[in-house]
Q: 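Sending over a structure as structure tokens; questions will come in a sec.
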Amino acid sequence: MSERKRFYLTTAIDYPNSRPHIGTAFEKIGADVQARYRRMEGYDVFFLMGNDENTVKVARRATELGLATKAYCDEMAQQFQDVWRALDISYDYFIQTSDPRHHEGCRKFMQLVYDRGYIYAGTYRGWYCEGCESFKTETEIKEAGGVCPVHRTPPVERSEPCYYFALSRFQPALLDYYERHPDFIQPEPRRNEVISLVQSGLQDVNITRIGQDWGIRVPFDERFTIYVWFDALLNYITGIGYGWDEERFREWWPADIHFIGKDITRFHCALWPAMLLAAGLPLPRRVFAHGWVYIKNEQTGAVEKISKSLGNVVEPMEIITKFSSEAFRYYFMRECPFPGDGEFSWSRFAEVYNADLANNLGNLYSRVITLILRHFEGHLAGSRAWEPGEIYEEQDLEATVQQVQGYIENCEYQLALQRIWQYILDPANRYADRKEPWKLVKQDLEAAARVLFDLVESLRVTAILLKPFLPRTAERIYRSFNFSRDWQQVRCEDCYVYPRPVDDLRCLVRPGPDGKLAPLFPRIEIR
RNA sequence: GGCGGCGUAGCUCAGUGGUCAGAGCAGCGGCUUCAUAAGCCGUGGGUCGGUGGUUCGAAUCCACCCGCCGCUACCA
């Protein structure tokens, strides 16, 4: 047996000062689709997520609530994971950067980079806000009109000892890497931004803070803690064993994709690779920067940034409990292009849900199964010898499936879903209307059975292609029949290389007490 | 300020020199009733942001203008 292909993917780690919102969830769902797709296609997958806990803000928030910082972090980590589990995010490990193993990995890494001569002592001079107990950037202060944007007080110029990471020395190496790996930064606009940024010149960055209790101690100078980005980025290697299980680390590194928000592209595409180069480690293969989810205000029609102060925060749990995690996942993957920005509104949500999930997919499922149960008692006799018939004769199913796969691999999820509806489900509904099996059944039972067999075939293909997107619905559709291939073993190729059945096709579901089949997606009645 | 992107039917967008400018959703009309009042068929005259130019011919290339947006070093 040849060694199985590995696939290591990560999402950004989140600040736990507030609960995750739908924008955060968007990223995790997009990553989850990729993880599920790769597993389905035979990869050994490791999917890392986590929280970014070593910041002053987190320590301050804990103090406000009268909690020990670590206890607060653990509590928030639970809350985050509750949401991720409710959304069926299939992560393999959830890292907390307050974990001692992460601390050890960071210290080891920093010592290594220090020993290799890329970290040096210096002085940091900047604008300090007493209220925030932190430095503010020039632009932050300029935008606020010369004061701290939070406290509205003028900052004081302050200097303190620190350690710098020699980022500037990596400019040529970074540009060379971008040149030789055109797919490293995606999508394209982000790549161009990073290249122009790096071309414009890099400054060394201060990677330490002095006099803080919460955080990771600098190994070669215990007065200091490691400053956020240097620490946070390292989760991608400490999460798979760096510093505590070297064998495991070597098994998974480098990452195949880092999924991040577009706002933190530069850290992942410039600082992070430079850090790895400084440590002599391989660089990740791909960084994918997704877009933002905005809220469309139903009254004004205005598109707003998600913000607490605007009061427009939509809780993921609200969508999940009102509808389902499947509907949540579908809306964001279909309606918000992953590489670009998208919008959320309840009315749009209802529209998309009804049109695609209830009326199209769900209704097809219901009408096909009902006919098979009513006229064939759920058993299409003799069908074990049949081949899928003319339902796809007007298209090349293999080409369609491969197109969908290509879109998924490029993280163009909205295009993948669009294809599935346009090339599989819509033709199936049209085929049903053209053949009218509900009439045929009165004249030619076998002909009707053949039509229904083909319609089931389109449901089988749909279930397989939707497996990464709607894991529960896909499984429910698939397990409604006695297909020969086990659901766990199913892969995209099975769509067009028809797995030989050992038995006639049978429906395994039955109507409820009301005589009706339980709908996949009950319609949302508007008003 | 600099660099880059965008502005196409009510909504979301595809279309980058050449048949009458397209798709999905919504809307409207019809057919149908197996199905979740679902489905199918038909229906889109929208200054392709504006002006000027290149060309036999531009939504598609160039210039300028208007409007929106991104990046310009530590916010998902």
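Sequence lines set the chain letters: A, B, ... in the order given, protein chains first and strands last, and positions in each chain run from 1. As a basis for the values below, the full set of heavy atoms in this structure was taken, side chains included, without hydrogen atoms, waters or symmetry mates.
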Q: For B:A9 versus B:G24, give the span between their C1' atoms, rounded off to a whole number of Å.
A: 12 Å

Q: Determine the contact category for A:Leu167: base if any of its heavy atoms lies under 4.0 Å from a base atom, sugar-phosphate if only primed atoms, P, OP1 or OP2 are that close, otherwise nothing.
A: base

Q: Heavy atoms under 4.0 Å, any strand shown: does A:Ala358 hit a base, just sugar-phosphate, or nothing?
A: base

Q: C1' atom, B:G17 versus B:C13: distance in rounded Å?
A: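 22 Å, rounded to whole Å.
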
Q: When rounded to the nearest Å, what value does the distance between P atoms of B:G44 and B:U33 take?
A: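 Approximately 27 Å lies between the P atom of B:G44 and that of B:U33.
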
Q: With respect to the side chain of A:Asp433, which nucleotide from B:G39, B:G70, B:A73 is positioned closest?
A: B:G39

Q: Mind checking the P distance from B:A14 to B:C6? Whole angstroms is fine.
A: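 After rounding to an integer number of Å, I get 10 Å for this pair.
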
Q: What side-chain donor-acceptor pairs closer than 3.5 Å can you find for residues 508-520 of chain A, not counting sequence neighbours?
A:
{"residue": "A:Arg510", "atom": "NH1", "partner": "A:Cys507", "partner atom": "O", "Å": "3.2"}
{"residue": "A:Asp514", "atom": "OD1", "partner": "A:Lys516", "partner atom": "N", "Å": "3.1"}

Q: Using the P atom on both, measure B:U55 against B:G46 and round to a whole Å.
A: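 My reading of the P atoms in B:U55 and B:G46 gives 33 Å.
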
Q: Rounded to whole angstrom units, what separation is found between the CZ atom of A:Phe521 and the C1' atom of B:G39?
A: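 Nearest whole value for this atom pair: 18 Å.
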
Q: Can you tell me if A:Trp229 is stacked onto the base of B:C74, using a 5.5 Å centroid cut-off and an angle below 30°?
A: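 Given the distance and angle limits, no, they do not stack.
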
Q: Which part of the nucleic acid does A:Asn192 contact within heavy-atom distance under 4.0 Å: base, sugar-phosphate only, or nothing?
A: nothing

Q: Figure out the CD/P separation between A:Glu193 and B:C6, and round it to whole Å.
A: 13 Å

Q: I need the residues from residues 362-375 of chain A with at least one non-hydrogen atom less than 4.0 Å from RNA chain B; give them sorted by number, or say none.
A: A:Gly362, A:Asn363, A:Ser366, A:Arg367, A:Thr370, A:Leu371, A:Arg374

Q: Please name all residues satisfying side-chain contact (heavy atoms from CB on, under 4.5 Å) with A:Ala448, sequence neighbours left out, ordered by chain then number.
A: A:Phe376, A:Leu440, A:Val441

Q: Within 45 degrees of the axis of the six-membered ring of A:Tyr124 and under 6.0 Å from its centre: does A:Arg209 put its NZ or CZ there?
A: yes

Q: Once pairs are restricted to Watson-Crick or G-U wobble with both distances under 3.5 Å, how does RNA chain B read as a dot-bracket string, [ ] for crossings and | for other-strand pairs?
A: ((((((((.[[[[.)..(...]]]].(((((.......))))).....[[[[[..)....]]]]])))))))....

Q: Would you say the side-chain atoms of A:Asp204 and A:Tyr120 include a donor-acceptor pair closer than 3.5 Å?
A: yes

Q: Going by distance alone, is a donor N or O of one side chain under 3.5 Å from an acceptor N or O of the other, for A:Asp52 and A:Asn235?
A: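 There is no such pair between these side chains.
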
Q: Please state whether the phosphate of B:A38, meaning OP1 or OP2, lies under 4.0 angstrom from any side-chain nitrogen or oxygen of A:Arg523.
A: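 For B:A38, OP1/OP2 do have a side-chain N/O of A:Arg523 under 4.0 Å.
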
Q: Look at all strands and tell whether A:Gly291 reaches a base, only sugar-phosphate, or nothing, counting heavy atoms closer than 4.0 Å.
A: nothing

Q: Remember a base hit wins even if backbone is also touched, and classify A:Ile306 as base, sugar-phosphate or nothing at under 4.0 Å, heavy atoms.
A: nothing

Q: Rounded to whole angstrom, note down the P distance from B:A59 over to B:U51.
A: 12 Å

Q: For the pair made of OH in A:Tyr294 and C1' in B:U12, what is the distance, rounded to whole Å?
A: 17 Å

Q: Let me spell it out: for each of A:Leu361 and A:Asp426, pick the nucleotide of RNA chain B with the closest heavy atom. Which residue's pick is nearer the 5' end?
A: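 Looking at the nearest nucleotide for each, A:Leu361 comes out on the 5' side.
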
Q: Under 4.0 Å, counting only non-hydrogen atoms across every strand here, what does A:Arg430 touch: a base, just sugar-phosphate, or nothing?
A: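 Sugar-phosphate: the residue A:Arg430, judged by heavy atoms under 4.0 Å, touches backbone atoms but no base.
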
Q: Can you tell me the distance, in whole Å, between the NZ atom of A:Lys439 and the P atom of B:U33?
A: 5 Å

Q: Answer with base, sugar-phosphate or nothing: what part of the nucleic acid does A:Lys516 contact at a heavy-atom distance below 4.0 Å?
A: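 Sugar-phosphate only.
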
Q: Would you mind reading off the distance between A:Asn359 atom CG and B:U33 atom P, rounded to a whole angstrom?
A: 19 Å

Q: Can you tell me if A:Asn354 and A:Asn359 form a side-chain donor-acceptor pair at under 3.5 Å?
A: no

Q: Starting from C1' on B:A35, measure out to CG on A:Leu520 and report it in whole angstrom.
A: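 Going from CG in A:Leu520 over to C1' in B:A35 covers 13 Å.
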
Q: Could you give the CZ-to-P distance, from A:Phe267 to B:C71, as a whole number of Å?
A: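 Between P of B:C71 and CZ of A:Phe267: 12 Å.
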
Q: B:U36 and B:C71: how far apart are their C1' atoms, nearest whole angstrom?
A: 47 Å

Q: Hey, which of these two, A:Trp438 or A:Thr24, hits RNA chain B nearer its 5' end, going by closest nucleotide?
A: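 That would be A:Trp438.
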
Q: Compute whether any side-chain donor of one residue and acceptor of the other, for A:Glu53 and A:Tyr15, lie under 3.5 angstrom apart.
A: no

Q: How many Å lie between CH2 on A:Trp292 and P on B:G5, as a whole number?
A: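 In whole Å, B:G5 P lies 22 Å from A:Trp292 CH2.
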
Q: Just to be sure I understand the rule, does A:Phe26 reach a base, reach only the sugar-phosphate, or reach nothing, if contact means heavy atoms closer than 4.0 Å?
A: nothing

Q: Ignoring the backbone of A:Ala355, work out which of B:C75, B:A73, B:C25 is nearest its side chain.
A: B:C25

Q: Can you sort out the partners of A:Asn363 under side chain to side chain donor-acceptor pair (under 3.5 Å), two or more places apart, ordered by chain and number?
A: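 Listed in chain order: nothing, the list is empty.
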
Q: Not counting sequence neighbours, which residues clear side chain to side chain donor-acceptor pair (under 3.5 Å) with A:Gln422? List them please.
A: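 Side chain to side chain donor-acceptor pair (under 3.5 Å) list for A:Gln422, sorted by chain: empty.
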
Q: Please classify the nucleic acid contact of A:Trp421 as base, sugar-phosphate, or nothing, using heavy-atom distances under 4.0 Å.
A: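 No contact.
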
Q: Is the cationic atom of A:Lys322 (NZ for Lys, CZ for Arg) positioned less than 6.0 Å from the six-membered ring centroid of A:Trp346 and within 45 degrees of its normal?
A: yes

Q: Between B:U60 and B:G15, how many Å separate the two C1' atoms, rounded to a whole number?
A: 9 Å

Q: Among B:C75, B:C74, B:G39, which nucleotide sits nearest the side chain of A:Val228?
A: B:C74

Q: Quick one: does any side-chain atom of A:Tyr72 pair with a main-chain N or O of A:Pro16 as donor and acceptor, under 3.5 Å?
A: yes

Q: For A:Leu517, which contact category applies under a 4.0 Å heavy-atom criterion: base, sugar-phosphate, or nothing?
A: nothing

Q: Going by atom types alone, do A:Trp272 and A:His258 pair a side-chain donor with an acceptor below 3.5 Å?
A: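 On atom types as modelled, these side chains qualify, holding a pair under 3.5 Å.
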
